[in-house]
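For reference, the structure is listed below as structure tokens.
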Amino acid sequence: MLDITFIKENPQLVIDSMNNKGENNAQLVQQLIDKDEQWRQLVHKIDLLRAKSNKLAKQIGALMASGKKEEAQAIIQETSKSKDEVKKLEDKLNVIAEERTSLLLRIPNVAHPSVPIGHSEEDNQVYGTWGSPDTQSWLKPHWDILERCGWLDFERGVKVTGGGFPFYIGPLAQLQRTLIHFFIDEANKAGYIEMQAPYFINEDSARGTGQIPDKEDMMYEIPRDAFFAIPTAEVPVTNFHRDEILSEEQLPIRYVCHTPCWRREAGSYGKDVRGLNRLHQFDKVELVHFVKPEESYATLELLRVHVESLLQKLGLAYQTLLMCTGDMGFTQTKKYDLEVWSPGQQRWLEVSSCSNFEAFQARRMQLRYRKGEKETEMVHTLNGSGLALPRVLSAIVETYQTENGRVRVPDILKKYIDREYL
RNA sequence: GGAGAGUUGGCAGAGUGGUCGAAUGCGGCGGUCUUGAAAACCGUUGAGGCGCAAGUCUCCGGGGGUUCGAAUCCCUCACUCUCCGCCA
């Protein structure tokens, strides 16, 4: 959610920004400004009425206390009349306030000036590359390798739960556990505080990070208890500080948190779903930052560099994309995607996206910090995956496969898995 | 799951219908005193909305109701604690 004052002062900027993000709805801004004006006038009117009746109520109290019952009765007569009017206006205000908020929630975050303007993924900029994509023709996709080894079992996953819920078996399970361990260790070294979070969240949390309204279809729901299964650790970890006023000394705060993630992925069945490419449940190590506004863009670079270092240490070729306005998403001001090379599929796979939200999430969550003596200011939030496990697993299996069908252990992981082959 | 008790400002804790946004204590901040510090004493100290301002409104777990007036009464939901049961 953007700051309404900012929108009113910069309507054209917001409209341009919406266009750049592919949300061509210029009227929305004007509707919001009009609605806000209505809201303000009504608030003012109601405040005046309430001030009047508060005053009268106090007079009544005073009269009752001094035993002047009849005089009190007279005022009660008078004030009961305006009561209905206030009630009517309050109902109206509730409606308008709700409309105002829902308009406000439909306005996307404004992209940072450094973000390329574009409509689709074609317009994303390749920000950097590392390593060289292996394009030899004998390289097999991970599902071939894993199936033959018996390390990944989709069929029993279907039997036990459904599609997209595989079992990882033996060495592959060990590799995944090891990677999680490695990622968290690296984050710890970089100053992140390790955290374990709930796997279910309530509605307020889903609203806080913007999963609802509109994106509830991405989440699994437990209606009996009014919970959602987390689609990413971002939700519980960012909401950890919801409705708080942090002290300036606390910032920056950096958390690392491993969780499974559940996504319904409704309507996304297609050619990209083979093997570990797209699942309903997958593990991810998430990095979350809470920082002062003036630090958030430097922090985004810090985050990107950290995540890139993980891929470098694993020896996986990757490219970093600076996402264009049209491919960036509703809530971000700037976003990098990291894509690892999949030699067996001859394509790039997204394994992380690192985003700055500025105050967009914080404003929703009422997450502030104390600036100086009295003033409060919204915190800036950022997050990035560090990293999403299944696609890293496939990249490792495909990158480290040998011609006789084995998989070597990456050197960096040998302190955890003390052998040459998985 | 059953029975009971609670939910008030950063914390502790009063307040059961009328100047209560809220006593008091602790903590925080400022000051006096002191070579400095502690102690003591004095002052100050919740968040948010509207408004150029004066000012005004809202918030005592969430939502709804009764009343001229609600932290205080009623309904409802959530959460916390205690006891019992069950359990990794």
Side-chain angles (χ1 to χ4, degrees), chain A residues 1-9 32-105 196-208 212 221-228 236 239-251 253 359 361-379:
Chain A
M1 167 163 79
L2 285 175
D3 180 8
I4 181 72
T5 310
F6 174 83
I7 296 172
K8 278 163 60 180
E9 285 169 1
L32 172 63
I33 292 174
D34 293 346
K35 192 60 75 178
D36 183 66
E37 193 49 43
Q38 279 181 46
W39 177 81
R40 263 164 227 271
Q41 283 176 13
L42 199 51
V43 163
H44 185 64
K45 200 167 170 187
I46 290 175
D47 278 1
L48 288 177
L49 284 170
R50 284 209 272 234
K52 193 173 141 200
S53 56
N54 284 347
K55 211 183 228 170
L56 289 175
K58 278 182 183 171
Q59 277 180 30
I60 294 166
L63 289 170
M64 297 290 250
S66 58
K68 296 175 185 162
K69 269 203 154 172
E70 281 179 21
E71 285 180 48
Q73 272 306 325
I75 302 179
I76 289 174
Q77 293 284 327
E78 189 189 335
T79 186
S80 351
K81 270 184 263 163
S82 66
K83 209 188 144 188
D84 290 342
E85 197 190 344
V86 174
K87 179 81 181 136
K88 218 184 280 173
L89 289 175
E90 276 173 345
D91 289 345
K92 195 174 162 195
L93 180 70
N94 286 340
V95 173
I96 290 178
E98 208 169 291
E99 289 168 351
R100 173 179 174 268
T101 306
S102 84
L103 286 169
L104 194 50
L105 288 174
Q196 291 182 345
Y199 296 166
F200 302 117
I201 46 149
N202 59 29
E203 267 188 39
D204 286 342
S205 297
R207 199 168 295 114
I212 55 174
E221 210 176 333
I222 302 172
R224 184 170 173 174
D225 297 290
F227 293 154
F228 295 99
N239 276 283
F240 183 72
H241 289 298
R242 169 155 51 85
D243 292 323
E244 292 186 10
I245 301 177
L246 304 169
S247 70
E248 199 165 357
E249 307 83 70
Q250 276 177 278
L251 300 173
I253 300 175
Q361 292 183 324
R363 209 167 283 116
R364 260 177 193 241
M365 287 194 295
Q366 282 299 301
L367 169 54
R368 294 158 289 173
Y369 76 102
R370 177 86 48 199
K371 190 182 185 185
E373 277 286 286
K374 273 215 70 101
E375 204 182 333
T376 61
E377 186 171 34
M378 294 295 167
V379 166

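All chains are named by letter (A, B, ...) in the order of the sequence lines, taking the proteins before the strands, and each is independently numbered beginning at 1. Every value quoted in this text rests on a predicted model; they were computed, and no experiment measured them.
Minimum atom distance to the side chain of A/Ile60 is reached by B/G18, of the listed B/C57, B/A47, B/G18. Relative to the side chain of A/His44, the nucleotides B/C50, B/A47, B/G18 differ in distance, and B/C50 lies closest. Candidate nucleotides B/A47, B/C57, B/C68 were compared by shortest atom distance to the side chain of A/Arg368, and B/A47 ranks first. Closest approach to the A/Asp47 side chain among B/U58, B/U56, B/G48 is made by B/U56 (side chain taken as heavy atoms from C-beta onward). The side chain of A/Val43 lies closest to B/C50, out of B/C57, B/C50, B/A47. Residue A/Arg370 has its side chain nearest to B/A47 when only B/C68, B/C57, B/A47 are considered. For A/Lys83, taking side-chain heavy atoms from C-beta onward, the closest of the listed nucleotides B/G48, B/G49, B/G69 is B/G69. Relative to the side chain of A/Ala57, the nucleotides B/U58, B/G48, B/C68 differ in distance, and B/C68 lies closest.
Taking atom CZ of residue A/Phe227 and atom C1' of nucleotide B/C79, one finds them 11 Å apart after rounding to whole Å. The interatomic distance linking A/Gln73 (CD) with B/U67 (P) rounds to 14 Å, in whole Å. B/G69 atom P lies 15 Å from atom CD of A/Gln59, rounded to whole Å. Atom CH2 of A/Trp39 is separated from atom C1' of B/G48 by 10 Å (rounded to the nearest Å). To the nearest angstrom, P of B/C57 lies 19 Å from CZ of A/Arg40. If you measure from atom CE of A/Met378 to atom P of B/A47, you get 14 Å, rounded to the nearest angstrom. Summarising the geometry, the separation between CG on A/Asp84 and C1' on B/C68 is reported as 12 Å, rounded to the nearest angstrom. Look at CG on A/Leu49: it is 17 Å from P on B/C68, rounded to the nearest Å.
Rounded to a whole angstrom, the distance from the C1' atom of B/G63 to that of B/C79 is 15 Å. Across B/G64 and B/C26, the matching C1' atoms stand 37 Å from one another, rounded to whole Å. The gap from the P atom of B/C74 to that of B/G10 amounts to 28 Å, rounded to the nearest Å. For the C1' atom pair drawn from B/G62 and B/U7, the interatomic distance equals 11 Å after rounding to whole Å. If you take atom P in B/G30 and the same atom in B/A39, they sit 15 Å apart, rounded to whole Å. For the C1' atoms, the distance from B/G55 to B/G6 is 39 Å, rounded to whole Å. Only the C1' atoms considered, B/A12 is 10 Å distant from B/G27, to the nearest whole Å. As rounded to the nearest Å, B/U58 and B/G21 have P atoms that lie 10 Å from one another.
An OP1 or OP2 oxygen of B/G18 is reached within less than 4.0 angstrom by no side-chain nitrogen or oxygen of A/Asn54. Checking the phosphate oxygens (OP1, OP2) of B/G65, a side-chain nitrogen or oxygen of A/Lys87 falls inside 4.0 Å.
Nearer to the 5' terminus of RNA chain B, by closest-nucleotide assignment, is the contact made by A/Gly61 (compared with the other of A/Lys55 and A/Gly61). Along RNA chain B, the nucleotide closest to A/Ile46 and the one closest to A/Gln366 are compared, and the more 5′ of them pairs with A/Gln366.
No contact: A/Leu56 has no heavy atom under 4.0 Å from any strand. Here A/Asn202 lies out of heavy-atom contact (under 4.0 Å) with every strand. Here A/Thr376 lies in heavy-atom contact (under 4.0 Å) with sugar-phosphate atoms only.
For A/Phe228 against A/Glu221, the heavy-atom pair with the smallest separation is CE2-CG, 3.4 Å. Between A/Met365 and A/Gly208, the shortest heavy-atom contact is CG-O, 3.4 Å. In plain terms, the two heavy atoms of A/Thr79 and A/Ser53 that are nearest each other are OG1-CB, 4.0 Å. Residue A/Asp204 comes nearest to A/Arg242 through the heavy atom pair CB-NH1, 3.5 Å, listed as atom of the first residue, atom of the second, then distance.
B/U66 is unpaired under the criterion used here, namely a Watson-Crick or G-U wobble arrangement in which both key atom distances are under 3.5 Å. Pairing partner, B/U7: B/A78, with both Watson-Crick or wobble hydrogen-bond distances short of 3.5 Å. B/C29 is paired with B/G43 under the Watson-Crick or G-U wobble criterion, all donor-acceptor distances under 3.5 Å. Of the nucleotides present, B/C84 is the one that pairs with B/G1 by Watson-Crick or G-U wobble criteria, both distances under 3.5 Å.
Between A/Lys45 and A/Glu85 there is no salt bridge, since no side-chain N of the basic residue sits under 4.0 Å from a carboxylate O of the acidic one. In summary, A/Lys88 and A/Asp84 do not engage in a salt bridge, as defined by a charged side-chain N under 4.0 Å from a carboxylate O.
Within 6.0 Å of NZ on A/Lys35 lie more than 12 heavy atoms contributed by other residues, nucleotides or ligands. Counting non-hydrogen atoms of other residues, nucleotides and ligands closer than 6.0 Å to NZ of A/Lys52 gives a total of 12 or fewer.
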